[in-house]
Amino acid sequence: MPRSNRPRNPRGRGHDVEPEDSGFDRMLNGWRRSEHRRGREWSVQPISAASAQKEYVCPGCGLTIEPGVAHVVVWRADGVLGDAADLAARRHWHHHCWSIA
């Protein structure tokens with residue numbers, strides 16, 4: 001007997017769609033590392049080329065980070081105003097610019 005190619009649950013029924021995480025939750029829960037530079041602690045999260053969908057200006061060199069270019073997002077991990085304020089002040093850097101900063 002041939003197999004049916006129709007889905008058992010039509011679209012819209014039986015599928016639980018989870019809401020997308022906010023940028024804050026995604027940044028806190030994503031893979032990241034801590035680095036110490038100039039007496040401060042920084043959180044550094046790499047962004048893959050596939051995940052880079054917007055254009056940013058690198059604070060290290062002042063050039064544009066184009067969509068589709070892998071880079072890092074950096075924010076203070078020891079700020080006095082709390083995690084939300086530190087995350088709001090995050091910056092996107094080229095890998096090279098951050099490594100020589």
Side-chain angles (χ1 to χ4, degrees):
M1 181 168 181
R3 184 174 74 96
S4 172
N5 287 331
R6 266 193 292 167
R8 295 196 188 274
N9 291 331
R11 286 187 179 195
R13 285 194 232 161
H15 294 288
D16 293 332
V17 177
E18 295 181 15
E20 291 184 19
D21 290 337
S22 69
F24 181 75
D25 292 332
R26 185 174 59 244
M27 292 297 288
L28 283 180
N29 295 328
W31 184 84
R32 68 177 182 211
R33 65 184 184 269
S34 293
E35 294 185 13
H36 294 275
R37 290 180 184 226
R38 290 177 262 139
R40 293 187 175 156
E41 185 178 354
W42 299 89
S43 293
V44 180
Q45 180 171 1
I47 303 295
S48 68
S51 296
Q53 299 177 358
K54 291 173 57 179
E55 186 176 281
Y56 299 98
V57 175
C58 175
C61 65
L63 298 177
T64 303
I65 301 172
E66 298 290 334
V69 174
H71 60 281
V72 292
V73 179
V74 180
W75 67 97
R76 282 188 62 176
D78 59 356
V80 295
L81 298 177
D83 290 339
D86 292 338
L87 198 55
R90 67 188 181 267
R91 296 291 176 256
H92 294 251
W93 292 68
H94 291 110
H95 285 284
H96 177 74
C97 295
W98 176 249
S99 67
I100 63 172

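Quick note: numbers below take in every heavy atom, side chains included, and nothing from hydrogens, waters or symmetry partners.
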Considering only distance and modelled atom types, tabulate donor-acceptor pairs under 3.5 Å from the side chains of residues 94-101, sequence neighbours left out.
unit_1, atom_1, unit_2, atom_2, d
Trp98, NE1, Glu35, OE1, 3.0
Ser99, OG, His96, O, 2.7

Tabulate below the donor-acceptor pairs under 3.5 Å that side-chain atoms of residues 59-73 make, not counting sequence neighbours, or state none.
unit_1, atom_1, unit_2, atom_2, d
His71, ND1, Val69, O, 2.9
His71, NE2, His92, ND1, 2.9

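The environment of Arg40 atom CZ is sparse: at most 12 non-hydrogen atoms of other residues, nucleotides or ligands sit within 6.0 angstrom.
Within the structure, side-chain hydrogen bond (donor to acceptor under 3.5 Å, both in side chains) pairs that include any residue of residues 50-59 comprise Ser48-Ser51 (at least two apart or interchain).
Between Trp42 and His36 the shortest side-chain heavy-atom distance does not fall below 4.5 Å.
Here the CG-CH2 distance, from Asp86 to Trp75, works out to 9.5 Å after rounding to the nearest 0.5 Å.
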